[in-house]
Amino acid sequence: MPSDEELRALLDPTVTVLLTVECQRGVVGPDGALPELAREARSSGALRNVARLVAAAHAGGVQVIHALAERRPDGRGASRNARLFRAAERLPVQQLTGTTAVRVAPPIEVAEEDLVVRRLHGLSPIQGTEVDALLRNLGCRTLVVTGVSANVAIPNAVFDAVNRGYTAVVPADAVAGVPADYTPAMIRNTLALVATITTTDRVLGCLGRPAGPPGRRRSGP
């Protein structure tokens with residue numbers, strides 16, 4: 001892990017953006033489409049840590065982007081070229097545009113200044129979406145990646161960020177995947193090669209935020 005000085009330099013609020021990945025009610029909520037993933041995100045503390053990081057970003061002037069995955073009721077434009085996509089079509093909870101399933105899940109706060117990017121296709125919250133252009137317009141150099149899942153979307157986000165010239169920072173306790181022991185192995189053997197791995201508390205310390213629970217929810221998309 002980097003020293004406190006190195007991490008603090010990386011997390012300069014003027015060039016840092018916090019990205020939450022698929023932290024939506026239909027994925028990590030108690031009635032989500034993937035109960036095992038939702039349970040792991042909550043029981044591991046990852047979802048709470050995402051909420052703490054978002055609260056600290058709001059307090060410290062760090063831009064937050066929420067990347068959500070959804071599909072139209074008619075399925076137009078949705079990807080079908082992988083088993084994962086075809087399986088998702090059969091799940092009892094669908095991530096349909098305009099439904100509560102594609103709203104950011106509590107306890108994460110959403111502020112008016114947050115940006116919400118919704119995608120209808122693919123595996124990545126960056127590739128083929130508005131996120132890269134938004135990051136460049138924001139002057140981002142460091143992207144803090146949080147959320148789910150460590151199996152697919154999180155590594156996609158990290159690789160895409162690095163390939164586009166951003167420095168990726170991953171608080172290891174603010175991401176989740178299944179099974180539980182897969183996430184630390186994937187972080188140690190894969191993401192650690194390309195991203196700066198740290199913890200939620202260390203990021204909070206750099207942002208000058210106490211390590212307590214998030215405050216009251218202000219608004220939501």
Side-chain angles (χ1 to χ4, degrees), residues 7 9-28 46-47 49-72 77-79 95 97-98 101-105 108-150 152-171 174-175 191 194-196 198 200 203-204 206-207 209 214 217-221:
L7 189 60
L10 280 178
L11 296 175
D12 176 351
T14 64
V15 296
T16 297
V17 173
L18 173 65
L19 179 70
T20 76
V21 179
E22 296 182 24
C23 292
Q24 55 203 71
R25 298 184 186 206
V27 175
V28 296
L47 189 61
N49 284 334
V50 175
R52 294 167 65 208
L53 289 165
V54 169
H58 291 159
V62 172
Q63 180 67 54
V64 178
I65 297 179
H66 303 283
L68 307 178
E70 59 183 45
R71 60 184 283 120
R72 288 167 48 112
S79 300
Q95 314 300 314
T97 301
V102 293
R103 291 175 63 90
V104 175
I108 297 171
E109 299 177 342
V110 180
E112 290 183 4
E113 63 268 24
D114 292 358
L115 297 171
V116 179
V117 177
R118 302 173 182 276
R119 77 178 193 275
L120 292 173
H121 61 85
L123 299 169
S124 171
I126 298 179
Q127 170 66 31
T129 75
E130 294 179 284
V131 170
D132 183 37
L134 293 174
L135 294 176
R136 294 190 185 282
N137 289 345
L138 291 163
C140 176
R141 291 207 303 264
T142 299
L143 185 66
V144 182
V145 180
T146 67
V148 297
S149 74
V152 178
I154 294 297
N156 264 271
V158 171
F159 294 149
D160 287 346
V162 172
N163 283 333
R164 285 161 174 76
Y166 305 105
T167 296
V169 173
V170 179
V175 300
L191 296 191
V194 296
T196 297
T198 185
T200 295
V203 173
L204 292 174
C206 291
L207 297 179
R209 179 76 170 184
R217 187 179 179 88
R218 289 182 278 177
S219 65

Heavy-atom closest pair (Ala153 atom, Pro125 atom, distance to 0.1 Å) is O-CD, 3.8 Å

Of all heavy-atom pairs linking Val54 and Glu109, the shortest is CG1-O, 3.2 Å

Result for side-chain contact (heavy atoms from CB on, under 4.5 Å) between Val144 and one of Val17, Leu18, Val64 points to Leu18

From the list Val104, Leu68, Val148, Ile108, side-chain contact (heavy atoms from CB on, under 4.5 Å) with Gln24 holds only for Leu68

* Asked: Could you walk me through whether Ile126 and Leu143 pass the side-chain contact (heavy atoms from CB on, under 4.5 Å) check?
  -> CA-CA 11 Å; Ile126 298 179; Leu143 185 66; 4.0 Å; yes

One should read off an interatomic distance between Ile65 CD1 and Cys140 SG, to the nearest 0.5 angstrom, of 7.5 Å

- Item | Worked verdict on Leu138 versus Leu115 for side-chain contact (heavy atoms from CB on, under 4.5 Å) | CA-CA 11 Å; Leu138 291 163; Leu115 297 171; 4.2 Å; yes

Hits for salt bridge (Lys or Arg N to Asp or Glu O under 4.0 Å) against Arg141, two or more places apart or cross-chain, chain-then-number order -> none

Checklist line | Step-by-step side-chain contact (heavy atoms from CB on, under 4.5 Å) determination, Thr97 to Val102 | finding: CA-CA 7 Å; Thr97 301; Val102 293; 5.7 Å; no

Quick one: do Val145 and Val175 satisfy side-chain contact (heavy atoms from CB on, under 4.5 Å)? Show the steps, please.
CA-CA 8 Å; Val145 180; Val175 300; 5.6 Å; no

| request: Measure the shortest side-chain to side-chain distance between Asp114 and His58 over non-hydrogen atoms and say whether it is less than 4.5 angstrom. | output: yes

Checking Val62, Thr20, Leu204 against Leu53 for side-chain contact (heavy atoms from CB on, under 4.5 Å), the one that qualifies is Leu204

Between His66 and Val110, the two heavy atoms sitting closest are NE2-CG2, 4.0 Å

Residue pairs meeting salt bridge (charged side-chain N to carboxylate O under 4.0 Å, His left out), one or both in residues 60-70, sequence neighbours left out, come to Glu70-Arg118

Donor-acceptor pair, Asn137 side chain versus Leu134 backbone, under 3.5 Å?
no

Residue pairs meeting salt bridge (charged side-chain N to carboxylate O under 4.0 Å, His left out), one or both in residues 57-67, sequence neighbours left out, come to none

For Thr146, the side-chain hydrogen bond (donor to acceptor under 3.5 Å, both in side chains) test, sequence neighbours excluded, returns none

Applying salt bridge (Lys or Arg N to Asp or Glu O under 4.0 Å) to Asp132 and not counting sequence neighbours gives Arg136, Arg164

*Is there side-chain contact between Leu191 and Ile154, with heavy atoms separated by less than 4.5 Å?*
yes

Rounded to the nearest 0.5 angstrom, the CG-CZ distance for Leu207 and Arg52 is 11.5 Å

Closest heavy-atom pair, Gly147 versus Cys23, reported as atoms and distance to 0.1 Å, is CA-SG, 3.6 Å

Rounded to the nearest 0.5 Å, the CD atom of Gln63 sits from the OG1 atom of Thr16 at a distance of 11.5 Å

d(Leu11 CG, Cys206 SG) to nearest 0.5 Å is 5.0 Å

Answer yes or no: is there a side-chain heavy-atom contact under 4.5 Å between Arg119 and Glu22? yes

Residues at least two apart in sequence or cross-chain that pass side-chain hydrogen bond (donor to acceptor under 3.5 Å, both in side chains) with Ser124, listed by chain then number, are Asp160

